[in-house]
Amino acid sequence: MDIIALLTIFVPFLGAIITVLVPRQAAKWVCQLFAALASLGTLILAAAFFNSGETSVTYQLVMFSQTEIFGLTIDKVSTLIAVAVVVLGLLVSIYSLGYMTEGNREHPHEGLPRYYAFLLIFIGAMAGLVLSSTILGQLLFFEITGACSWSLIGYYQKATSLKAALKALLVTHVASIGLFVAAAFVFKETGTFSLSALASLSPETKTIVFLGILMAAWGKSAQLPLHVWLPDAMNAPTPVSAYLHAASMVKVGVYIFARAIMSGGDIPEVIGVIGVTGAMITLIYGFIMYLPQTDMKRLLAYSTITQLAYIFLALSLSVFGSDLAFEGGVTYIFNHAFAKSLFFLVAGALSYTCGTRMLPALRGIVKKSPLLAVGFCVAALAITGVPPFNGFFSKFPLFAAGFTLSSEHSC
């Protein structure tokens, strides 16, 4: 399984190199090929894990003296989230074939090789972060995702998109200081960077480490007061928003917090109190800011902030001993990734065909394009957990791709 996992991580990086070397028209097809190979790798990895009896395994791959620098953890959570972030990368890259064209009424533009190259790098970095068994490995891929998001958010090279890209880079990198601090304290006390060492920390050190991880998590997952970059990041191409701002980048924060809780043993209750408080404040703020938005993507951005607060709330409650809260939070990471991606891709289908994503300009669209209305309704029901759609995307994740591809020209 370690070979499969390594290939899943490094195949997208290899594909990114090839993407910028081949002729421009071939670049997008190279992206599809290597994204498909990475997706196949995650599915094979998940199948191998479940066929092995669902026994969690850790592989130490890079050692310096007696210090573990990088390794892989394969368990229920890592395989589940790896499938989500990598397979959704493939679905978004397929969607990009139709969206990044001269026929796009809002942004008539043929996708450049660098667009597809950075998308592949992001897929590889997400796979690496999810499967990493060390806090140093998480930090490495954490920073790679930050660099990729800067490039993709500023892809159109306009003043507003470049400003938004710089804001996202600065905020998330300031937040990453918390992860640097956490790594330093773990190494100082245990002599290793392994996440499994969190359980052996003293209560005082463990509090500092978890506060650092929580700070990094808030930055990546756009929680108050580090949320300011996400609404502005909607200047990115819509497929980028669907992947970075629904399925992958914003999930980095909640994932590293969940992984730390899994590895931390007895966690100081103050972490749970801070986590619950921050989640409740962010949840209310995101809901209030959601209401006056007229830009469809900014509306979805504030919705994402609120939904991520739900996940932080569940994970923080698990600090007090609730296994159900933890399982619910992790499941929602997976479910929300597909549901919110569908929202963004339907928004892209609207802007592609109608030339705008401003809601007041789209009056009457339900009568003219009922398929798009169905997509929004299904996504809304799935994300809010209304029966019988609760867990819909956990059961039928490929629905998002099939629907958005079929609805692209329905306006």
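Numbers for residues simply follow the sequence, beginning at 1.
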| message | Determine whether Phe257 and Ile271 satisfy the following criterion, side chain to side chain contact (heavy atoms under 4.5 Å, CB included), listing intermediate values before the conclusion. | response | CA-CA 11 Å; Phe257 188 45; Ile271 301 300; 4.2 Å; yes
Can you list, pair by pair, the side-chain donor-acceptor contacts under 3.5 Å of residues 181-188, counting residues two or more places apart and other chains?
none

| task | Apply side chain to side chain contact (heavy atoms under 4.5 Å, CB included) to the pair Val30 and Leu33, showing each step before the final yes or no. | result | CA-CA 5 Å; Val30 173; Leu33 173 61; 5.6 Å; no
| request: Give the intermediate values and the outcome of side chain to side chain contact (heavy atoms under 4.5 Å, CB included) for residues Thr145 and Lys220. | output: CA-CA 10 Å; Thr145 60; Lys220 280 290 189 183; 3.0 Å; yes
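- Residues Lys251 and His336 bring a donor and an acceptor atom of their side chains to less than 3.5 Å of each other.
- At a cut-off of 3.5 Å, with distance as the only test, a side-chain donor of Asp75 or Ser78 sits close to an acceptor on the other residue.
- A distance-only check finds no donor-acceptor pair linking the side chain of Trp229 to the backbone of Leu166 [under 3.5 Å].
- Checked against salt bridge (charged side-chain N to carboxylate O under 4.0 Å, His left out), Arg298 has the following partners two or more places apart in sequence or in another chain: Asp232.
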Quick one: side chains of residues 111-132, donor-acceptor pairs under 3.5 Å with protein atoms, not counting sequence neighbours, listed by atom name and distance.
| residue | atom | partner | partner atom | Å |
| --- | --- | --- | --- | --- |
| Arg114 | NH2 | Tyr155 | O | 3.2 |
| Tyr115 | OH | Ser96 | OG | 2.8 |
| Ser132 | OG | Thr134 | N | 3.3 |
| Ser132 | OG | Thr134 | O | 3.0 |
| Ser132 | OG | Gln138 | N | 3.4 |

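- The closest side-chain heavy-atom distance from Tyr95 to Pro239 is below 4.5 Å.
- Taking the side chain as every heavy atom from C-beta outward, Ile261 and Val319 approach each other to under 4.5 Å.
- In summary, the side chains of Lys28 and Ser93 do not present any donor paired with an acceptor at a separation below 3.5 Å, with no hydrogens or angles considered.
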| said: Walk me through whether Glu110 and Arg24 qualify under side chain to side chain contact (heavy atoms under 4.5 Å, CB included). | reply: CA-CA 10 Å; Glu110 193 73 30; Arg24 177 174 174 175; 3.7 Å; yes
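- The backbone N or O of Asp266 sits less than 3.5 Å from a side-chain atom of Lys206, completing a donor-acceptor pair.
- Ring geometry for His107 against Tyr156 counts as parallel: the plane angle stays under 30°, on a 0 to 90° scale with 60° as the upper cut.
- A donor-acceptor pair shorter than 3.5 Å can be found between the side chains of Ser196 and Ser194.
- A side-chain N or O of His173 and one of Glu143 form a donor-acceptor pair less than 3.5 Å apart.
- The local environment of OH in Tyr310 is sparse, with at most 12 non-hydrogen atoms from other residues, nucleotides or ligands closer than 6.0 Å.
- When side chains are defined from C-beta on, Thr172 counts as touching Met249, because their heavy atoms get closer than 4.5 Å.
- Pairing each heavy atom of Ala337 with each of Ala247, the nearest pair is CB-CA, 3.9 Å.
- A heavy-atom distance below 4.5 Å is not found between the side chains of Leu299 and Asp295.
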| field | Step-by-step side-chain hydrogen bond (donor to acceptor under 3.5 Å, both in side chains) determination, Tyr302 to His227 | value | CA-CA 9 Å; Tyr302 282 107; His227 69 289; 5.7 Å; no
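- Under the 3.5 Å distance criterion, the side-chain polar atoms of Gln32 are matched with a main-chain donor or acceptor of Ile94.
- The backbone N or O of Ser39 sits less than 3.5 Å from a side-chain atom of Thr42, completing a donor-acceptor pair.
- The cationic group of Lys297 does not satisfy the cation-pi geometry with Phe344, failing either the under 6.0 Å distance to the six-membered ring centre or the 45° limit from the ring axis.
- Side-chain atoms of Ser221 never come within 3.5 Å of backbone atoms of Trp218 as a donor-acceptor pair (strictly under, hydrogens ignored).
- Between Met358 and Met296, every side-chain heavy-atom pair lies at or beyond the 4.5 Å cut-off.
- Counted by atom type alone, Glu68 and Ser133 present one or more donor-acceptor pairs between their side chains at under 3.5 Å.
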Please tabulate, for the side chains in residues 44-52, all donor-acceptor contacts under 3.5 angstrom to protein atoms that are two or more places apart in sequence or on a different chain.
| residue | atom | partner | partner atom | Å |
| --- | --- | --- | --- | --- |
| Asn51 | ND2 | Ala47 | O | 3.0 |
| Ser52 | OG | Ala48 | O | 3.4 |
| Ser52 | OG | Phe49 | O | 2.6 |

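- Side-chain N/O atoms of Thr306 and Ser303 include no donor and acceptor closer than 3.5 Å.
- In this structure, the salt bridge (charged side-chain N to carboxylate O under 4.0 Å, His left out) partners of Lys76, at least two apart in sequence or on a different chain, are Glu54.
- For the pair Tyr99/Ser351, a side-chain contact is recorded, criterion being any heavy-atom separation below 4.5 Å from C-beta on.
- Partners of Glu327 according to the salt bridge (charged side-chain N to carboxylate O under 4.0 Å, His left out) rule, which considers only residues two or more places apart in sequence or in another chain, do not exist here.
- No donor-acceptor distance shorter than 3.5 angstrom exists from the side chain of Thr205 to the backbone of Ser202, with no hydrogens or angles considered.
- Judged by distance alone, the side chain of Thr282 and the main-chain N or O of Ala309 form no donor-acceptor pair under 3.5 Å.
- Using a 4.5 Å heavy-atom cutoff, the side chains of Leu6 and Tyr59 are not in contact.
- The side-chain heavy atoms of Leu7 and Ile3, taken from C-beta on, include a pair separated by under 4.5 Å.
- Note: Phe13 and Phe10 have tilted aromatic rings, judged against thresholds of 30 and 60 degrees for the angle between ring planes.
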